[in-house]
Amino acid sequence: MPRLPFLDLAPIRHARGELRLPGSKSISIRALLLASLADGQTQLRGLLDSDDTRVMRDALRICGVSLRESGSGLYVRGASRFPASTAEIFVGNSGLSIRTLVAVLAFMGGRYRLFGVARMHERPIGDLVDALRPLGAKIRYEHAEGFPPLLIEPGQIRVVQPVRVRGDASSQFLTGILQAAPLLAQTQPLVVQVEGELISRPYVDLSIALMQRFGVHVDCDTDANGAPRYTIAAGARYRSPGTFTVEGDASSASYFLALGALAGGPVRVLGMGRTSLQGDVRFTDVLAGMGVEIIQGEDWTEARSPGVAAGFRLRAFDADFNHIPDAAMTAAVMALFADGPCVLRNIASWRVKETDRLAAMATELAKLGATVEAGTDYLRIVPPPALRSASIDTYDDHRMAMSFALVACGGVGVRINDPGCVSKTFPDYFAQLAALTAV
Ligand SMILES: O=C(O)C1=C[C@@H](OP(=O)(O)O)[C@@H](O)[C@H](O)C1
Ligand SMILES: C=C(OP(=O)(O)O)C(=O)O
């Protein structure tokens with residue numbers, strides 16, 4: 001179906017209600033891969049159905065993994081080797097999919113080619129390839145050094161201790177190595193050492209928590225310099241947990257909690273709460289710091305406030321957002337409604353995601369009247385005295401579209417160009433938004 005060129009959102013005066021969150025992208029993609037590597041059959045329930053998860057499903061299917069849809073979930077039959085020894089794999093713009101697939105495919109003994117959309121070919125992957133090559137992995141760049149497309153060939157795999165991986169451009173490289181580690185740790189434990197800074201750390205904790213659910217324990221300590229070091233025991237092997245249920249997406253929740261905060265609420269999201277495994281659940285602390293009332297149960301969260309239509313202003317913030325890089329985009333748009341200048345720090349990774357998010361965010365916030373300074377790793381936003389209506393470009397970035405929709409809470413209409421880009425992680429986002437604002 002052709003994508004709409006734009007969507008005009010009318011001003012939102014009030015929003016309230018309940019929303020069942022779509023499944024977590026980060027958990028769905030991990031669970032699909034781990035179930036494919038696990039002994040036995042796994043029933044996956046609550047999987048997200050979106051562009052990014054379809055990339056992983058299609059990749060696994062092309063690699064010969066048996067995936068069977070049933071009314072209540074997806075049945076995955078796993079094994080420590082994929083049946084297909086050659087495959088052409090399209091990875092769209094899913095960073096998590098390519099980075100975790102490459103690490104696994106490097107040890108499968110087959111020939112694989114991984115390629116994506118044009119932007120994917122600008123997103124770095126060199127740190128992962130550099131970590132895999134000393135282990136004997138044979139990976140070549142088809143065009144530019146350090147970027148997809150990639151060609152994987154059978155290598156002479158040997159264990160070199162420790163495996164060293166950089167974590168300062170993306171945590172997904174470390175996740176890729178950790179998830180692939182049981183394919184290597186056969187006769188001796190495998191030690192994985194992070195070189196330099198590790199960003200987006202809660203996503204690594206999520207990987208470890210999910211590996212545990214699939215029967216593999218990862219020990220974490222620090223080396224003499226305080227850098228994190230991970231150990232996977234000899235003989236570690238993924239085993240199916242039988243049934244695995246994916247929780248709601250905490251990054252997707254951020255837009256609706258922000259909606260409750262800006263348009264009064266209460267807005268309650270179901271599927272993410274106190275016991276969530278995802279780092280972005282910490283976005284609730286950011287909201288509370290802004291003066292938003294948050295209540296939370298085991299697997300639900302609710303936000304409310306007097307609402308900006310009633311003159312409520314959010315408390316300005318100056319904070320480090322390295323641990324929640326995705327929900328941070330929601331906070332950046334919320335800064336438009338703050339009672340003073342706001343600063344988001346330590347977000348350099350934004351430059352290498354779906355688009356250069358630092359540049360895109362600065363450009364689009366400025367269209368609305370904000371004064372914005374974009375540094376190499378920070379964004380300073382001075383809210384405008386009065387919001388201007390604007391036509392927002394989304395740069396094929398789902399989070400640009402979803403976060404800028406919140407501008408409609410400011411008493412002005414907003415045009416979202418290419419709204420269909422939300423299909424990366426939340427295909428019916430705008431329908432869900434409309435359902436909560438038609439009050
Ligand atoms: O591991 C994951 O599930 C993710 C890690 C983060 O990326 P970086 O580690 O590149 O910051 C995040 O932005 C991405 O949406 C999902
Ligand atoms: C950065 C993102 O995804 P990925 O890196 O998996 O493409 C995201 O969903 O915001």
Side-chain angles (χ1 to χ4, degrees), residues 22-34 48 50-56 59 91-103 116-117 119-128 148 165-179 194 197-211 246-247 249-255 276-283 321-330 332 346-358 360-361 377 394-403 421-426 429:
S24 156
K25 170 199 86 167
S26 291
I27 296 180
S28 296
I29 291 176
R30 284 170 170 79
L32 282 163
L33 186 57
L34 298 186
L48 172 67
S50 75
D51 292 352
D52 277 13
T53 55
R54 228 163 290 134
V55 155
M56 185 52 107
V91 292
N93 195 7
S94 175
L96 180 60
S97 297
I98 188 173
R99 288 153 177 175
T100 52
L101 275 168
V102 163
V117 300
R119 174 60 182 172
M120 175 54 87
H121 299 167
E122 297 172 351
R123 297 183 67 184
I125 199 156
D127 290 341
L128 177 62
V165 59
R166 296 198 66 83
D168 56 350
S170 170
S171 68
Q172 293 169 352
F173 306 139
L174 174 58
T175 282
I177 300 279
L178 290 176
Q179 290 191 165
V194 179
E197 192 202 346
L198 173 60
I199 65 163
S200 306
R201 186 157 178 173
Y203 288 99
V204 175
D205 298 338
L206 178 64
S207 307
I208 292 170
L210 293 190
M211 288 172 68
V246 176
E247 62 187 56
D249 193 295
S251 316
S252 298
S254 73
Y255 312 107
S276 170
L277 296 171
Q278 300 162 78
D280 270 4
V281 73
R282 293 272 70 83
F283 181 66
F321 282 84
N322 192 277
H323 61 305
I324 53 168
D326 293 354
M329 292 183 71
T330 315
N346 212 356
I347 50 169
S349 72
W350 276 20
R351 296 228 181 253
V352 290
K353 303 220 174 186
E354 279 76 338
T355 183
D356 176 344
R357 288 178 166 171
L358 267 160
M361 187 57 79
D377 70 344
T394 50
Y395 308 79
D396 205 13
D397 183 347
H398 54 142
R399 299 199 192 285
M400 286 296 288
M402 294 192 283
S403 54
C421 67
V422 299
S423 64
K424 189 173 192 281
T425 56
F426 200 158
Y429 174 76

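Indexing begins at 1, ligand by ligand and atom by atom, following the structure's order. Numbers for residues simply follow the sequence, beginning at 1.
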Exercise. Indicate whether any N or O donor in one side chain lies under 3.5 Å from an N or O acceptor in the other, for Tyr395 and Arg357.
Key: no

Exercise. When you measure from the side chain of Asp280 to the backbone N and O of Ala327, does any donor-acceptor pair fall under 3.5 Å?
Worked result: yes

In this structure, atom 10 (O) of ligand 2 is nearest to the protein heavy atom Arg399 NE, 2.6 Å

min-distance protein heavy atom vs atom 1 (O) of ligand 1 -> Arg30 NH2, 2.7 Å

> Is it true that a side-chain atom of His121 and a backbone atom of Gly116 form a donor plus acceptor pair closer than 3.5 Å?
Replying inline: yes

min-distance protein heavy atom vs atom 15 (O) of ligand 1 -> Asp326 OD2, 2.6 Å

| query | Just by modelled atom types, is the Val91 backbone N or O under 3.5 Å from a matching donor or acceptor in the Ser94 side chain? | reply | no

Near Gln172 (heavy-atom distance under 4.0 Å), the atoms of ligand 2 are 4 (P), 5 (O), 6 (O)

Check: Arg30/Ser207 side-chain N/O donor and acceptor closer than 3.5 Å:
yes

Note: ligand 2 atoms sitting under 4.0 Å from heavy atoms of Ser94 are 7 (O)

Between Thr175 and Val204 the two heavy atoms that sit nearest each other are OG1-CA, 4.1 Å

Residues passing the side chain to side chain donor-acceptor pair (under 3.5 Å) test with Asp52, sequence neighbours excluded, are Lys424

- prompt: Is the shortest N/O to N/O distance between Lys25 and ligand 1 below 3.5 Å?
  reply: yes

Under 4.0 Å from one or more heavy atoms of Asp326, ligand 2 contributes atoms 8 (C), 9 (O), 10 (O)

- Task: Decide whether an N or O pair under 3.5 Å exists between Thr425 and ligand 2.
- Result: no

Give a yes or no answer on whether the side chain of Glu354 reaches the backbone of His398 with a donor-acceptor pair at less than 3.5 Å. no

Quick note on ligand 2: atoms under 4.0 Å from a heavy atom of Arg357 include exactly 1 (C), 8 (C), 10 (O)

| Are Asp397 and Lys353 close enough for a salt bridge, meaning some N to O gap below 4.0 Å? | no

If we number the atoms of ligand 2 from 1 as shown, the ones under 4.0 Å from a heavy atom of Lys353 are 1 (C)

Residues Asp249 and Gly23: closest non-hydrogen pair is CB-O, 3.6 Å

Any heavy atom of Ser200 under 4.0 Å from ligand 1? The part involved is side chain

heavy-atom search around atom 5 (O) of ligand 2 in the protein gives Arg123 NH2, 2.8 Å

| task | Report yes or no: does Ser200 contribute a side-chain atom to a donor-acceptor pair with the main-chain N or O of Tyr203 at less than 3.5 Å? | result | no

**Message:** Between Ser254 and Ser251 (side chain of the first, backbone of the second, donor and acceptor by atom type, cut-off under 3.5 Å), is there such a pair?
**Reply:** yes

Here the atoms of ligand 1 under 4.0 Å from any heavy atom belonging to Leu96 are 1 (O), 2 (C), 3 (O)

for atom 1 (C) of ligand 2, nearest protein heavy atom and its distance come out as Glu354 OE1, 3.1 Å

re atom 8 (P) of ligand 1, the protein heavy-atom contact at minimum distance is Lys353 NZ, 3.4 Å

Thr425 and Leu48 have their tightest heavy-atom pair at O-CD1, 3.4 Å

Nearest non-hydrogen protein atom to atom 9 (O) of ligand 2, with distance, is Lys25 NZ, 2.8 Å

Of all protein heavy atoms, the one nearest atom 2 (C) of ligand 1 is Tyr203 CD2, 3.2 Å

min-distance protein heavy atom vs atom 9 (O) of ligand 1 -> Ser171 OG, 2.6 Å

Quick note on ligand 1: atoms under 4.0 Å from a heavy atom of Ser170 include exactly 8 (P), 9 (O), 10 (O)

One finds that the ligand 2 atoms under 4.0 Å from a non-hydrogen atom of His398 are 8 (C), 9 (O), 10 (O)

For Ser170 and Arg99, the nearest pair of non-hydrogen atoms, with its separation, is OG-NH1, 3.5 Å

The atoms of ligand 2 lying under 4.0 Å from a heavy atom of Asn93, numbered in the order shown, are 7 (O)

Exercise. Lys424: heavy atom below 4.0 Å from ligand 2, yes or no?
Worked result: yes

Ligand 1 to Ser26, heavy atom cutoff 4.0 Å, flagged ligand atoms 2 (C), 3 (O), 16 (C)

